[in-house]
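First up is the structure itself, then whatever we jot down about it.
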Amino acid sequence: MNKEKLIKSIRNVPNFPIPGIQFKDVTTLFKDASCLQELSDALYEMYKDKGITKVVGIESRGFIMGPILATKLGAGFVPMRKPGKLPAETLEESYDKEYGTDTIQIHKDAISENDVVLLHDDLLATGGTMEAAYKLTKRFNPKAIYINFLIELKELNGRAVFDNDAHVEAVLTL
Ligand code: AMP
């Protein structure tokens with residue numbers, strides 16, 4: 001994998017969605033056919049030997065590479081969504097954000113104790129979103145939980161929110 005090339009393909013958008021945020025736009029990576037191919041191959045190499053049975057994508061940018069990776073791994077795909085979007089019975093977890101709180105939900109029957117789960121999102125910032133996703137997934141008591149990001153923003157040290165024995169990996173570090 002040519003990490004330099006992938007990193008260069010990510011567009012930085014200053015002050016989006018609010019002043020002070022340097023938004024990492026992955027649409028410029030996804031629209032480039034060779035970058036998209038390299039990224040999906042890299043993800044597959046990272047997880048091909050883990051026995052993953054379910055890839056859980058976090059709304060909404062986890063819904064892009066999540067199903068692509070699930071297909072390559074021969075695993076199922078499960079969406080973890082914002083409140084009110086999933087039609088059947090759900091479990092949920094709330095978490096603190098910079099202003100106020102947020103909640104994520106998953107279908108009650110989405111994961112079983114026999115699953116090996118890979119949680120996937122595009123970017124690790126403070127870690128709040130994925131920490132809630134991790135807690136929610138733990139309630140299903142699956143065999144193992146892996147955590148993946150396309151991008152980790154190193155200086156925010158979002159990794160610190162996870163247990164030391166959690167399997168947290170990012171394809172690219174900025
Ligand atoms: P956090 O909970 O702080 O780790 O934030 C992670 C979530 O917010 C992910 O779903 C990201 O898509 C999004 N996010 C946070 N910061 C950024 C950023 N600088 N650029 C792009 N997405 C971001």
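Both counts, for ligands and for their atoms, begin at 1 and track the order of listing. All values below were derived from every heavy atom in this structure, side-chain atoms included, with hydrogens, water molecules and symmetry-related copies excluded.
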I'd like to know if K31 and D25 make a salt bridge, using a cut-off of under 4.0 Å between side-chain N and carboxylate O.
no
Pair K24 + D122, salt bridge at N-O below 4.0 Å
no
Atom 3 (O) of ligand 1 - nearest protein heavy atom and its distance
T126 OG1, 2.5 Å
Quick check on contacts: which atoms of ligand 1 are under 4.0 angstrom from a heavy atom of D121?
9 (C), 10 (O)
Is atom 5 (O) of ligand 1 less than 4.0 angstrom from at least one protein heavy atom?
yes
Would you say the side-chain atoms of N12 and Q22 include a donor-acceptor pair closer than 3.5 Å?
yes
Protein heavy-atom partner closest to atom 11 (C) of ligand 1 - residue, atom, separation in Å
D122 OD1, 3.4 Å
Counting only heavy atoms, which portion of M130 has something under 4.0 Å from ligand 1: side chain, backbone, both, or neither?
neither
What residue and atom, counting heavy atoms only, is the protein's closest point to atom 20 (N) of ligand 1, and at what distance?
K24 N, 2.9 Å
Quick one: nearest non-hydrogen protein atom to atom 13 (C) of ligand 1, plus distance?
R61 NH2, 3.7 Å
Are any of the N or O atoms of A125 closer than 3.5 Å to those of ligand 1?
yes
Heavy-atom nearest neighbour of atom 14 (N) of ligand 1 within options N12, I21, L123, D102
L123
For atom 19 (N) of ligand 1, grab the closest protein heavy atom and report residue, atom and distance to one decimal in Å.
Q22 O, 3.0 Å
Consider ring-ring contact (aromatic ring centres under 6.0 Å, His included). Of Y47, F162, Y146, which one does H167 pass it with?
Y146
For D32, salt bridge (charged side-chain N to carboxylate O under 4.0 Å, His left out) partners two or more places apart:
none
Among all protein heavy atoms, pick the one closest to atom 22 (N) of ligand 1 and tell me residue, atom and distance.
F23 CE1, 3.5 Å
Can you tell which of V161, T129, L174 gets a heavy atom nearest to atom 2 (O) of ligand 1?
T129
